[in-house]
Amino acid sequence: MKVIIVGAGIGGLTLALMLHKRGIECDVYESVREIKPLGVGINLLPHAANEMNQLGLLDALSSRAVLTSALHYYNKHGQTIWQEPRGLAAGYPVPQLSIHRGELQMLLAKAVQDRLGQQHLHTGMSYETMEQNDAGIVATFHDRNNDRREQVRADVLIGADGIHSAVRKMFYPQGDKFRFSGRILWRAITLADPYLDGKTMFMAGYQDQKFVAYPLASSAADGGKAPINWIAELKVDAHDLPATDWNRMVDKSVFADAFKSWKWDWIDIPALIDGAQAIYEFPLVDKDPLPRWSHGSASLIGDAAHPLYPIGSNGSAQAILDARHMADKLQEVQAKGQKSIELALKEYEADRLPTTTGIILKNRLNGPEQVMQLAHERAPGGFKHIHDVVPESELQEISLRYKRAAGFDPKALK
């Protein structure tokens, strides 16, 4: 069996490593000419960290990341809503990792080159189309290095080409539009004094005005500073998806005034915003769940299959879980020879599509961040104690319900 993977993001590279581990030949085709450590921070939840451990990469990742100790929720006045331990501190067998997205992608890319061979990672190759017949798949790529078209034959093609997936667009050329939430994210990294224990992720505010932060280095840099990844989020007046370039650099003046009073005894949010050298704007979007991902011997994983709001720190994790299920199903075809590729991809879809559809819908309802929205709706001016507003049992149930839906319930992972 030979597999074409379109896209060298986290999902595509992870799939390549998992297929290689199972003895399945694959090639990864990426449209950019050079893979660079771009982006900001992400969180790898324990179920994703567990898959990295199975690939022998957890130690290398941990050395580049913060082992997240806790997650705290606050209202817009800085009052505590909910706190819970995370990762090892919560009893998981593996940690939760806060890491720069570029660090993770570069480590995965190097592992692919080292294990599969550099010739199996093709850059500057932009996917155009594919054809299927009884002999397999013929995919056409535009080689941006020499402005030529190249055809590649394989048995399977997997679209792992992200939120703007060209493979998905080929399957669904009409009616598959982004759903804009009416909210904008501004993302950045600021070198600042560590807060709390130096390993805690926090979220403050409510649905229409929120601030999220977590450290990306386990030790402080020169001068006692540490890189803090942060996201500011606001509801905007526009009713349609912004026509501007996504992930464009903007000035803090676009949103900073909304957070100018968010300075508490343990964190200075205006100072974090002021200290960023580069701030990137991104619309909060997802897409409606698809009726199917698999078409013959081709399918989708990650954001190409199920773009979802970045709520609950689950985007990269779900791409990694997709890759695991995909690799397992294709291994059954190769090892036993009693199952067709088409059936294997349908079984993968049956496993993963309902789960990720549930996460898309739960994230539209704020996922585990419902605790912040409830506190705001019930006590917009603040409270003496959160349990006067939201009972502890309700807070616990919201947290556990999302963990179960997303696949990182501590009991299940153990």
Side-chain angles (χ1 to χ4, degrees), residues 1-29 47-48 50-57 108 111-112 115-116 120 130 132-137 139 152-162 165 167-168 170-171 289-306 314-360 405-408 412-413:
M1 187 190 305
K2 181 179 179 181
V3 180
I4 292 171
I5 300 170
V6 180
I10 292 168
L13 293 170
T14 299
L15 178 59
L17 292 170
M18 289 179 171
L19 291 175
H20 174 72
K21 184 178 179 181
R22 291 159 176 76
I24 299 173
E25 181 183 355
C26 65
D27 282 82
V28 182
Y29 291 84
H47 52 346
N50 183 54
E51 299 299 339
M52 293 295 104
N53 193 34
Q54 301 303 313
L55 289 172
L57 296 174
L108 291 171
V112 167
R115 298 179 187 184
L116 281 68
H120 289 279
M130 72 170 181
Q132 298 193 55
N133 54 42
D134 292 341
I137 285 177
V152 182
R153 296 182 180 273
D155 302 293
V156 186
L157 184 142
I158 305 301
D161 48 341
S165 171
V167 180
R168 176 175 173 137
M170 184 186 67
F171 294 154
L290 293 174
R292 56 187 286 207
W293 298 340
S294 302
H295 301 257
S297 297
S299 193
L300 304 168
I301 69 169
D303 282 346
H306 45 77
N314 235 319
S316 58
Q318 294 306 316
I320 290 168
L321 293 180
D322 287 348
R324 171 61 184 269
H325 282 258
M326 174 73 73
D328 285 347
K329 294 303 180 184
L330 292 179
Q331 183 184 30
E332 292 176 5
V333 177
Q334 177 138 308
K336 299 177 181 178
Q338 298 176 347
K339 181 184 298 184
S340 69
I341 289 170
E342 291 85 351
L343 178 57
L345 295 184
K346 281 296 183 184
E347 289 182 345
Y348 150 76
E349 178 184 295
D351 287 344
R352 296 295 297 152
L353 194 151
T355 297
T356 55
T357 294
I359 296 172
I360 289 172
F408 67 108
L413 193 57

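Of the candidates H325, Q318, E347, Q318 is the only one forming a side-chain hydrogen bond (donor to acceptor under 3.5 Å, both in side chains) with R352. Of the listed residues (L330, D155, I341), just one forms a side chain to side chain contact (heavy atoms under 4.5 Å, CB included) with V3, and that residue is L330.
The two residues K339 and V333 have their closest heavy-atom pair at O-CG1, 3.2 Å. When all heavy atoms of A304 and D161 are compared, the closest pair comes out as CB-OD1, 3.8 Å. When all heavy atoms of I4 and A139 are compared, the closest pair comes out as CD1-CB, 3.9 Å. The nearest pair of heavy atoms linking L290 to A305 is CD1-O, 4.1 Å. Shortest non-hydrogen contact noted between G11 and I301 is O-CD1, 3.6 Å.
For the atom pair CG (L57) and CG (L108), the distance works out to 6.5 Å, reported to the nearest 0.5 Å. Here OH of Y29 is found 9.5 Å from NE2 of H120. Values are rounded to the nearest 0.5 Å. From I320, atom CD1 reaches atom CG of L13 across 10.5 Å, with rounding to the nearest 0.5 Å. Here L157 contributes atom CG and C26 contributes atom SG; the two are 12.0 Å apart, rounded to the nearest 0.5 Å.
Not one N or O on the side chain of E349 forms a donor-acceptor pair closer than 3.5 Å with the backbone of R292. Put simply, the side chain of H47 gets close to the backbone of A406: a donor and an acceptor are under 3.5 Å apart. Looking only at distances, no side-chain donor or acceptor of Q54 sits under 3.5 Å from a matching main-chain atom of M18. Judged purely by atom type and a 3.5 angstrom limit, H306 has no side-chain atom pairing as donor or acceptor with the backbone of T357. Between the side chain of D303 and the main chain of G315, no donor-acceptor pair closer than 3.5 Å is present. Side-chain atoms of S294 come within 3.5 Å of backbone N or O of L345 as a donor-acceptor pair. A donor-acceptor contact shorter than 3.5 Å links the side chain of D322 to the backbone of G302.
For the pair K329 and D351, the minimum side-chain heavy-atom distance is below 4.5 Å. Taking 4.5 Å as the limit, every side-chain heavy atom of L19 sits out of range of all side-chain heavy atoms of L116. Between M326 and I158 there is a side-chain heavy-atom pair separated by less than 4.5 Å. You'll find the side chain of H20 stays beyond 4.5 Å of the side chain of V112, heavy atoms only. When side chains are defined from C-beta on, E342 counts as touching S297, because their heavy atoms get closer than 4.5 Å. Side-chain contact between V28 and L15 is absent, with no heavy atoms from C-beta onward closer than 4.5 Å. Within the 4.5 Å cutoff, no side-chain heavy atoms of D27 are placed close to those of V152.
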Practice item. Test N50 against F408 for side chain to side chain contact (heavy atoms under 4.5 Å, CB included), laying out the working first. Key: CA-CA 10 Å; N50 183 54; F408 67 108; over 6 Å; no
Practice item. Mind running side chain to side chain contact (heavy atoms under 4.5 Å, CB included) on R324 and T14 for me, showing each step along the way? Key: CA-CA 8 Å; R324 171 61 184 269; T14 299; over 6 Å; no
Exercise for review: Start with the C-alpha gap between L300 and F171, add the side-chain angles, then the distance that decides, and say whether side chain to side chain contact (heavy atoms under 4.5 Å, CB included) holds.
Suggested key: CA-CA 10 Å; L300 304 168; F171 294 154; 4.1 Å; yes
Practice item. Go through V156 and I137 one step at a time and tell me if the side chain to side chain contact (heavy atoms under 4.5 Å, CB included) criterion holds. Key: CA-CA 7 Å; V156 186; I137 285 177; 5.6 Å; no
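Around CZ of R153, the count of heavy atoms belonging to other residues, nucleotides or ligands within 6.0 Å does not exceed 12.
A salt bridge links D328 with R22: at least one charged nitrogen is closer than 4.0 Å to a carboxylate oxygen.
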